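Okay, structure first, notes after.
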Number of protein chains: 2
Amino acid sequence: MQQKSEPNPGRKSPKLKRMGLHERAAARMRTMIIRGELPPGSQTQETRLSKELGVSRTPLREAMKVLAAEGLIELRPNRSPRIAGIAVEGISELFEALAGIERLAAELAAERATGRDLARLRTLQTRMEAHHRNGKLDDYFAINGEIHNTIVRMARNTPLREAHETLISRAERARYLALGADRRWSNSVDEHADILAALEARNGEAAGRLLGAHVARTGTALLEVLAKSQSRQKASQS
Amino acid sequence: MQQKSEPNPGRKSPKLKRMGLHERAAARMRTMIIRGELPPGSQTQETRLSKELGVSRTPLREAMKVLAAEGLIELRPNRSPRIAGIAVEGISELFEALAGIERLAAELAAERATGRDLARLRTLQTRMEAHHRNGKLDDYFAINGEIHNTIVRMARNTPLREAHETLISRAERARYLALGADRRWSNSVDEHADILAALEARNGEAAGRLLGAHVARTGTALLEVLAKSQSRQKASQS
DNA sequence: AAACTGCATACTGCATACAATTTGTTCGAT
DNA sequence: ATCGAACAAATTGTATGCAGTATGCAGTTT
């Protein structure tokens with residue numbers, strides 16, 4: 001099982017790992033759902049989507065099973081899969097669960113974080129503050145998400161990280177709906193700083209409590225924005 | 001996200017609804033993996049399994065995607081899927097995550113449990129104690145699991161419940177490996193009684209702490225038993 | 001003798017063809 | 001005219017065939 005030397009000089013993209021069609025289809029649909037290009041509650045006909053994505057129905061159906069497991073679509077027997085709805089109540093539950101998981105992750109991370117981990121986190125925090133000052137929204141959000149993922153990875157717990165990933169994909173989707181809604185930048189940056197400080201002090205209880213509250217606040221802030229836009233478009237329910 | 005709950009994806013369904021072949025195949029394989037009939041690390045050839053299960057390769061492949069999402073098998077490109085290994089480290093992480101999730105669930109359940117919920121829990125506890133006295137191992141385990149599931153449902157948080165379900169399937173598998181290993185019956189029963197008391201007192205912090213510690217202890221107890229049998233059969237890492 | 005290359009084989013990945021089930025429509029009966 | 005049943009169209013579920021890729025073996029080379 002020796003792996004041959006893999007310098008890969010002439011191949012097309014070294015970073016992009018080779019994926020099967022069903023993986024690519026799943027990834028494509030995932031972003032489409034998150035971006036709202038496939039609206040909540042809409043039905044996805046297999047033949048139509050397969051032509052649109054340029055793949056056959058077989059890999060598409062496999063992709064559907066994966067997305068259903070992630071909670072992005074709903075499968076009903078002998079019916080077209082439905083893009084999962086975004087109900088207010090669902091968002092509330094989602095961020096509640098997310099807050100709990102990240103709280104746990106922070107508690108564990110405070111015990112297990114290496115110096116490198118904390119250094120990396122500090123770097124990210126610095127960069128995020130810079131983006132915050134410069135008003136670079138996209139970069140800010142990217143770093144923000146990376147910080148959360150980093151903390152979860154620092155917990156050194158694979159099942160927890162996996163659970164977090166599936167929830168995050170749904171949260172990203174909700175966040176996209178209320179794009180640019182997070183007007184609590186300053187609060188958020190400060191809260192992140194507090195969390196980082198608690199982690200560096202190896203205070204798991206505080207780090208967990210702070211991160212959990214932070215995520216919960218993000219959820220409620222999102223809910224407020226969403227409730228307003230919900231009032232004008234009442235549709236998309238079946 | 002929708003309030004609609006899944007109609008029994010793979011559970012031992014009381015009403016045996018007619019399921020598609022891929023669902024049936026997934027359910028069948030799930031129990032086979034949990035029961036250890038498909039040993040960890042073994043490869044699953046599509047044609048062989050499809051004949052064995054009496055289905056075609058297409059629904060079988062779809063079932064594989066679902067099981068992979070549940071973490072029961074590993075998919076590698078252009079290779080036979082592998083039954084996920086049960087490494088000691090993995091079990092440790094698994095129960096750690098499970099403990100965290102159930103702790104959170106108990107905290108929420110303490111706030112949201114209805115009188116019916118608590119009554120049902122009390123009934124289950126009584127029945128479990130009876131099985132404990134009579135030494136009925138199977139029934140005891142069934143009720144025990146049901147209690148944990150009930151508490152999680154009492155949290156009224158769908159994403160949390162879903163995350164719990166996927167972790168539980170893996171934990172059941174590990175528990176099956178160390179079948180009958182849980183010699184801490186008495187402790188376990190008492191701990192459950194304490195948890196129930198905390199829930200009835202609406203003390204979320206205590207309920208969460210007790211349930212989390214309970215699950216963590218179950219995990220370490222399982223680890224001890226597993227470590228012994230692990231010494232004779234070499235580890236299949238994952 | 002060891003290692004590398006080329007070929008044969010088996011298996012996965014994908015596409016297409018076929019069967020089963022649902023849904024929309026039309027015709028008929030009350 | 002309305003409700004219902006049966007038929008027709010569309011769509012999902014399943015099976016099979018074909019192509020690409022990995023694995024093992026044999027022949028050749030160093």
Side-chain angles (χ1 to χ4, degrees), chain A residues 1-8 10-14 16-30 33 38 41-69 72-84 238, chain B residues 4 6-10 13 15-30 33 38 41-69 72-84:
Chain A
M1 290 286 267
Q2 281 294 58
Q3 198 70 329
K4 281 189 278 191
S5 59
E6 198 72 29
N8 223 355
R11 229 41 186 161
K12 23 185 179 181
S13 44
L16 274 186
K17 58 183 176 184
R18 195 180 77 225
M19 306 192 307
L21 281 192
H22 56 92
E23 296 181 77
R24 194 145 21 179
R28 181 96 179 78
M29 284 199 60
R30 195 177 294 120
I33 294 175
L38 293 176
S42 67
Q43 295 193 353
T44 65
Q45 290 196 23
E46 291 180 356
T47 53
R48 203 173 55 79
L49 254 184
S50 66
K51 282 176 185 170
E52 189 168 335
L53 297 180
V55 300
S56 178
R57 285 177 54 211
T58 309
L60 183 66
R61 282 177 60 85
E62 295 177 359
M64 291 294 198
K65 300 293 180 298
V66 175
L67 294 173
L72 290 179
I73 66 177
E74 283 179 51
L75 260 46
R76 306 116 80 201
N78 291 325
R79 273 165 192 79
S80 296
R82 215 172 29 187
I83 309 295
S238 57
Chain B
K4 179 166 172 59
E6 302 178 47
N8 268 335
S13 45
K15 38 185 177 181
L16 241 337
K17 278 186 70 170
R18 88 184 187 288
M19 311 186 302
L21 282 193
H22 55 91
E23 296 181 77
R24 194 147 17 182
R28 180 96 179 78
M29 283 200 63
R30 196 178 293 121
I33 293 175
L38 292 176
S42 67
Q43 296 191 355
T44 65
Q45 293 194 15
E46 290 181 356
T47 53
R48 203 172 56 79
L49 254 184
S50 66
K51 283 175 185 170
E52 188 167 336
L53 296 180
V55 300
S56 178
R57 286 176 52 213
T58 307
L60 183 66
R61 283 177 60 86
E62 295 178 359
M64 290 295 199
K65 299 295 179 298
V66 175
L67 294 172
L72 290 179
I73 66 178
E74 280 178 54
L75 261 45
R76 307 115 82 201
N78 290 329
R79 277 169 191 75
S80 297
R82 215 171 30 184
I83 308 295

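All values reported here derive from a predicted model rather than from experimental measurement. By convention in this document, chain letters (A, B, ...) are assigned in the order of the sequence lines, proteins followed by strands, and residues within each chain are numbered from 1.
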[atom1] of [X] versus [atom2] of [N]: gap in Å, rounded?
{"X": "A/N78", "N": "C/dA19", "atom1": "CG", "atom2": "P", "answer": "17 Å"}
{"X": "B/R48", "N": "C/dT12", "atom1": "CZ", "atom2": "C1'", "answer": "15 Å"}
{"X": "A/Q45", "N": "D/dG13", "atom1": "CD", "atom2": "C1'", "answer": "15 Å"}
{"X": "B/E46", "N": "D/dA22", "atom1": "CD", "atom2": "P", "answer": "16 Å"}
{"X": "A/H22", "N": "D/dG20", "atom1": "NE2", "atom2": "C1'", "answer": "14 Å"}
{"X": "A/E23", "N": "C/dT12", "atom1": "CD", "atom2": "P", "answer": "16 Å"}
{"X": "A/Q43", "N": "C/dT22", "atom1": "CD", "atom2": "P", "answer": "15 Å"}
{"X": "B/R76", "N": "D/dT21", "atom1": "CZ", "atom2": "P", "answer": "18 Å"}

Quiz prompt | Nearest-nucleotide comparison on DNA chain D, the residue closer to the 5′ end among B/P77 and A/K65 | solution =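 Comparing both residues, the 5'-ward one is A/K65.
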
Quiz item: So which one's nearest nucleotide on DNA chain D is more toward 5', B/S56 or A/S80?
Solution: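 Nearest nucleotide further toward 5': that of A/S80.
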
Taking side chain as C-beta onward, heavy atoms only, is [X] less than 4.5 Å from [Y]?
{"X": "B/M64", "Y": "B/T44", "value": "yes"}
{"X": "B/R30", "Y": "B/L72", "value": "yes"}
{"X": "B/L49", "Y": "B/M29", "value": "yes"}

Self-check item: Donor-acceptor pair, side chain of A/R61 and main chain of A/K65, under 3.5 angstrom
Solution: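 Pair absent, no side-chain N/O of A/R61 close to backbone of A/K65.
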
Quiz prompt | side-chain N/O B/R79 vs D/dT23 OP1/OP2, d < 4.0 Å | solution =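 Result: yes.
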
Quiz prompt | Side-chain N,O (B/R61) to OP1/OP2 (C/dG13) below 4.0 Å | solution =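 So the side chain of B/R61 is within the cut-off, an N or O lying under 4.0 Å from OP1 or OP2 of C/dG13.
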
Quiz item: Which value, rounded to the nearest 0.5 Å, describes the distance between B/Q43 atom CD and B/E74 atom CD?
Solution: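 That separation rounds to 11.0 Å.
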
Quiz item: Going by modelled atom types, is there a donor-acceptor pair between the base of C/dT16 and the side chain of A/T58 at under 3.5 Å?
Solution: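 Present.
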
Quiz item: Any donor-acceptor pair under 3.5 Å joining the side chain of A/R57 to the base of D/dG13?
Solution: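 Under the 3.5 Å cut-off, the side chain and the base do form a donor-acceptor pair.
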
Practice problem: Look at all strands and tell whether B/S50 reaches a base, only sugar-phosphate, or nothing, counting heavy atoms closer than 4.0 Å. | Solution: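 Here B/S50 touches no strand at all.
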
